[in-house]
Amino acid sequence: MADGPTHPDMFSASADEGRGIAGDAMKPDVSVLIVAYNSADLIVECIQSVSSGCAQNSFEILLVDNGDGSTEALVARDSPHVRIVPSRGNIGFAGGNNLLAAEANAAKLLLVNPDVTLLPGAIDRLLDGARRHPKAAAWGGVTLDADGEPDSGNAIAMPSLIEFASVAAGRSIVGNREVAGLDQDAEVDVLTGGLVMFDRAAWEEVGGLDERFFLYCEEVDLFYRLGELGCSFWRIADARGFHAVAHGQSFSPTRLMYRAAGTMEFVRRHWSRPAAALAFFLTWLAAFERFALGRLLGRWRPRLGRMADGYRNVALRPHFWMYGYHPGRGLIARLGRRS
């Protein structure tokens with residue numbers, strides 16, 4: 001893996017290059033869905049970690065390549081047990097997972113980012129959690145950084161004006177509270193989209209992910225819609241995996257621009273116009289503060305310099321992302337899909 005840690009001991013468990021332990025070949029316990037985008041440097045460890053992560057249950061792995069085809073070629077050559085669903089181009093995270101879910105056989109759908117390397121037993125622990133909390137619609141794991149500490153993906157909060165204001169003030173109130181309680185199972189509003197398992201019936205009831213979200217906030221939208229139906233979601237503390245956030249590029253300008261657009265797509269769809277306008281201002285303010293701070297102090301603190309570069313376009317070109325993914329005025333209309 002080019003970005004993130006390597007943990008060869010994770011793969012000591014026997015991998016039969018198939019569906020895990022014996023079970024109904026047509027109905028595995030869990031379908032593992034992986035949407036790849038130019039992920040050839042990460043995908044091998046991700047796929048290998050599934051076998052040790054699901055040693056006590058049966059599984060299948062499905063993959064679609066939204067990128068240039070190099071990931072699909074590598075997987076087809078080295079991991080013949082993975083079922084490759086033909087690519088339809090770069091259809092986004094939501095579109096890719098919906099495509100895979102339609103081809104999956106299990107009653108549990110596990111979304112795994114290609115930049116996640118599962119710890120041994122991670123999927124087994126998720127399935128155990130589903131048995132402990134059978135009325136829930138989704139069960140998520142805990143993602144870790146290179147030092148083995150919970151990463152920012154565990155701090156995703158359901159959007160609120162209080163949350164936007166706290167981020168603009170310097171730090172997420174809700175997110176910090178979430179990260180502080182990762183040592184035990186907990187019922188939460190949102191689970192990290194990089195390691196999350198859905199009940200198939202609940203997924204299908206709301207139509208899966210909304211494909212109008214090209215990238216970012218699509219899982220938040222799904223949890224919001226499921227929550228509107230009264231569904232509950234559980235974070236399973238001992239289901240864990242290492243995560244090379246954004247393929248190791250957490251301050252990528254493209255990533256941060258798409259994240260801002262995804263946020264605005266959510267608030268435009270679910271909030272009133274005045275509330276959405278205030279959310280836009282607070283999102284822009286948070287980005288501008290980070291850009292300005294990085295410009296002032298980046299000479300002495302390189303990380304802040306990278307932060308300034310990452311937030312530059314979000315801060316200085318708000319018209320690019322303020323309309324979310326609106327077909328005429330949104331980010332895709334201005335920049336096109338990632339190439």
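Atom set for the values below is all heavy atoms of this structure, side chains included, hydrogens, waters and symmetry mates excluded. Numbers here simply count residues along the sequence, with the first being 1.
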Is it true that a side-chain atom of [X] and a backbone atom of [Y] form a donor plus acceptor pair closer than 3.5 Å?
{"X": "Y325", "Y": "L215", "value": "yes"}
{"X": "D221", "Y": "F266", "value": "no"}
{"X": "R225", "Y": "G208", "value": "yes"}
{"X": "S52", "Y": "P120", "value": "no"}
{"X": "N38", "Y": "D68", "value": "yes"}
{"X": "N97", "Y": "F93", "value": "yes"}
{"X": "D124", "Y": "Q56", "value": "yes"}
{"X": "R200", "Y": "A101", "value": "yes"}
{"X": "S160", "Y": "E163", "value": "yes"}
{"X": "S39", "Y": "A36", "value": "no"}

Taking the side chain as every heavy atom from C-beta outward, state whether [X] and [Y] have any pair of such atoms under 4.5 Å apart.
{"X": "I236", "Y": "H133", "value": "yes"}
{"X": "L282", "Y": "V167", "value": "no"}
{"X": "E265", "Y": "Y216", "value": "no"}
{"X": "L63", "Y": "V85", "value": "no"}
{"X": "V196", "Y": "L110", "value": "no"}
{"X": "L111", "Y": "E219", "value": "no"}
{"X": "V206", "Y": "L229", "value": "yes"}
{"X": "M264", "Y": "W321", "value": "yes"}

When rounded to the nearest 0.5 angstrom, what is the spacing between [atom1] in [X] and [atom2] in [Y]?
{"X": "M322", "Y": "H319", "atom1": "CE", "atom2": "NE2", "result": "10.0 Å"}
{"X": "L161", "Y": "L278", "atom1": "CG", "atom2": "CG", "result": "5.0 Å"}
{"X": "F59", "Y": "S51", "atom1": "CZ", "atom2": "OG", "result": "4.0 Å"}
{"X": "L99", "Y": "I91", "atom1": "CG", "atom2": "CD1", "result": "5.0 Å"}
{"X": "N105", "Y": "R83", "atom1": "CG", "atom2": "CZ", "result": "5.0 Å"}
{"X": "D29", "Y": "N57", "atom1": "CG", "atom2": "CG", "result": "4.5 Å"}

* Carefully, step by step, assess F213 and R269 under the rule side chain to side chain contact (heavy atoms under 4.5 Å, CB included). => CA-CA 11 Å; F213 289 80; R269 294 198 176 279; 4.0 Å; yes
* Asked: Between L226 and F198, is a side chain to side chain contact (heavy atoms under 4.5 Å, CB included) present by the stated rule, with each step listed?
  -> CA-CA 11 Å; L226 287 169; F198 290 92; 4.2 Å; yes
Search all heavy atoms of [X] against all heavy atoms of [Y] and return the closest pair with its distance.
{"X": "L74", "Y": "I43", "value": "CD2-CG2, 3.8 Å"}
{"X": "C54", "Y": "V30", "value": "SG-CG1, 4.1 Å"}
{"X": "A279", "Y": "W271", "value": "CB-CZ3, 3.7 Å"}
{"X": "G140", "Y": "L191", "value": "N-CD1, 3.4 Å"}
{"X": "D189", "Y": "M158", "value": "O-CE, 3.9 Å"}
{"X": "C46", "Y": "P114", "value": "CB-O, 3.5 Å"}

* Asked: Counting only heavy atoms not in R299, do more than 12 sit closer than 6.0 Å to its CZ atom?
  ->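 It does not: R299 CZ has 12 such atoms or fewer within range.
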* Indicate whether any N or O donor in one side chain lies under 3.5 Å from an N or O acceptor in the other, for S87 and D65. =>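 Judged by distance alone, the side chains do not pair up.
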* **Between H243 and D115: side-chain donor-acceptor atoms closer than 3.5 Å** =>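 Yes - a donor-acceptor pair under 3.5 Å links their side chains.
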* Cluster question for you: counting only ILVMFWY and a side-chain heavy-atom cut-off of under 4.5 Å, with indirect links fine, are F223 and V220 together? ->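 Same hydrophobic cluster.
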* To do: For the pair Y258 and F214, name the ring-plane relationship: parallel under 30°, tilted 30 to 60°, perpendicular over 60°.
  =>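 Geometry flag for F214 against Y258: tilted rings.
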* Do the rings of H270 and Y224 sit parallel, tilted or perpendicular, given the 30° and 60° boundaries? ->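 Aromatic pair H270/Y224 classed tilted.
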* Asked: Is the shortest side-chain N to carboxylate O distance from R125 to D128 below 4.0 Å?
  ->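 Salt bridge: yes.
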* Asked: Are any of the side-chain nitrogens in D185 or R132 under 4.0 Å away from the carboxylate oxygens of its partner?
  ->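 A salt bridge is present here (some side-chain N lies under 4.0 Å from a carboxylate O).
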* Step-by-step side chain to side chain contact (heavy atoms under 4.5 Å, CB included) determination, R240 to T143 -> CA-CA 6 Å; R240 300 195 165 207; T143 52; over 6 Å; no
* Asked: Should M197 and L127 be marked as a side chain to side chain contact (heavy atoms under 4.5 Å, CB included) after you check the CA-CA gap, both sets of side-chain angles, and the distance that decides it?
  -> CA-CA 9 Å; M197 184 174 72; L127 289 165; 3.7 Å; yes
* Step through it carefully: locate the ring centre of W284, locate the ring centre of F280, and say whether they are under 6.0 Å apart. =>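 No, ring centres 6.0 Å or more apart.
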